[in-house]
Amino acid sequence: MNEREKNASIDYILARGLVKPQRARERIAEMARALGLRFIFWDTGYSLLFAAVTVAMVVAVFAFTPRDYRRSAAVGAAPLAFLIITLFAEVSERASGLYELKQTCRYTVRQVAALRALCYSTVGVAFTAVVAAASASGAREFASLFPVCLSALFICAVLGLSVMRFIRAQWAYAAYSAVWVSFSLTFPLALGQSWENALRDAPVALSAALAAVGAGIFIHQISRMLSEVKVYAVAS
Amino acid sequence: MLSLHNITKNYGSFTALADVELEFSGGVYALLAPNGAGKTTLIKMLATLIFPTKGEILWNGDDIIKLDATYRDIVGYLPQDFGYYKNHSPREFLLYLSALKCIDRATAKHKTDELIEVVGLSDVRDKKMKKFSGGMLQRVGIAQAMLNDPRILILDEPTAGLDPRERVRFRNLISSLSKDRIVILSTHIVSDVETIAGRVIMFKDHKLFANDDLAALCATLAGKVYETDDVAAVKTPYFALTEHQDNGTTVTRFVGETDCSASARSVSPNLEDVFLYIYRDGAV
């Protein structure tokens with residue numbers, strides 16, 4: 001840095017003052033205020049429609065699951081609302097010709113995607129609660145099944161956000177979704193009743209702890225997505 | 001001031017740009033080079049879409065990566081392939097991008113209407129963009145780039161694909177917007193550069209080759225450019241630039257390293273001559 005640049009830098013800092021780095025919670029509040037629901041979900045109507053139709057089909061299939069495999073089905077179905085909504089939104093965003101342009105705005109497309117993921121996770125938790133309630137025959141069973149389903153949801157969400165953060169290929173999230181669905185079908189199909197028993201016998205404390213850790217990592221990922229710049233380059 | 005220090009960008013083992021040193025202080029800068037020379041790579045680095053493998057880009061002495069949103073606040077960017085929402089009007093689209101640029105709603109409405117007026121789209125401001133011509137879309141593109149009144153305006157091949165009338169209109173628009181800001185224009189259309197650029201930056205072999213004003217670049221070929229309708233009469237080695245028809249005869253324009261005034265008439269070099277001569281071996 002030469003003398004002229006150094007002086008310009010000092011002038012710039014003096015003019016701007018020392019600014020405290022913004023925390024993720026403050027950033028989310030600021031973005032939500034500035035964008036509003038309309039612009040957070042701008043042009044995601046088709047994605048949400050496709051996601052709703054797909055989730056409705058999943059629910060229909062889920063309703064016909066034999067009673068003996070309700071836990072396996074619940075754990076498999078719980079993350080699907082989040083996965084599918086995020087999938088359609090992410091793929092349509094990345095395929096859009098505006099991806100690069102939006103990445104150069106103050107609120108980058110990745111930051112908006114993080115904000116959306118946070119909203120979708122709320123939908124995911126609600127859907128998980130509905131799935132667990134529909135599968136459980138009483139409050140006690142719900143209390144043991146819900147944390148297991150939540151664990152599945154947050155493992156799926158954390159892996160999905162990692163794909164969004166670190167893999168730049170346009171179809172990366174679609175590939176991840178396919179892999180997740182394949183894995184979630186493989187366990188019950190390959191292990192059958194043993195998988196169902198393992199889910200039934202899982203200690204509540206363990207599954208609740210796993211769900212809590214998953215939620216913590218998910219929030220951390222969202223926070224990273226809101227603040228990091230360099231890993232969000234559009235092309236390598 | 002925007003300055004690039006020792007910028008290198010590698011894609012695996014391929015070097016797209018090597019050791020580039022540049023300073024931008026104000027006015028229109030044209031990045032002129034053939035396709036594949038590294039113009040878009042540089043543009044994307046300036047727009048923080050990709051990052052240098054080596055070196056740093058400083059805005060008033062601060063690294064643009066560390067400046068983060070503060071830098072993006074002062075940048076306006078028009079990408080080469082400007083995507084748009086077909087089913088939205090320019091006004092809706094600009095309001096959306098204003099929100100992403102964190103411009104408050106009242107200012108955004110005012111600024112959007114003002115820019116739609118500036119780019120001459122007032123009549124169609126509430127019409128869906130799916131029926132817009134290429135030139136109209138580019139004007140929407142320049143309007144969105146100007147929303148935050150940027151100190152740095154980055155335009156990647158903004159006139160590619162436009163008809164001559166739209167090109168002239170667009171060039172005039174860029175020219176009028178270039179006051180009090182840095183405009184960095186990537187192009188391989190020589191006439192655009194001749195018309196609006198104050199400074200021309202050229203790359204060769206993925207390195208900075210020239211960074212000068214138009215007159216100085218043309219002066220490098222002063223006294224070496226000739227025209228003749230009988231090129232066979234030129235006995236010294238020459239490099240043919242262009243040919244055109246004049247009253248039924250083919251006039252050849254060429255560069256002669258030695259004096260050819262006996263067999264051809266000397267003409268003033270232009271930027272196209274310089275461009276063709278620099279990239280004569282197909283090098284980018």
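Basis for what follows: all heavy atoms, side chains included, without hydrogens, waters or symmetry-related copies. In the text below, chain A, chain B and the rest are named by the order of the sequence lines, each starting its count at 1.
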Heavy-atom proximity to chain B below 4.5 Å, by part of A/V109: neither

Aromatic ring pairing A/F218/A/F82, orientation class (parallel under 30°, perpendicular over 60°, tilted between): perpendicular

B/Q80 versus chain A, the contacting section by heavy-atom distance below 4.5 Å: neither

Part of B/D73 lying under 4.5 Å from any heavy atom of chain A: side chain

Stepwise side chain to side chain contact (heavy atoms under 4.5 Å, CB included) test for B/T41 and B/H206: CA-CA 10 Å; B/T41 297; B/H206 306 285; over 6 Å; no

Point-to-point distance, once rounded to the nearest 0.5 Å, from OH of B/Y71 to CD1 of B/I57: 6.5 Å

Pairwise side-chain contact, B/L155 with B/I142, heavy-atom cut-off 4.5 Å (strictly under): yes

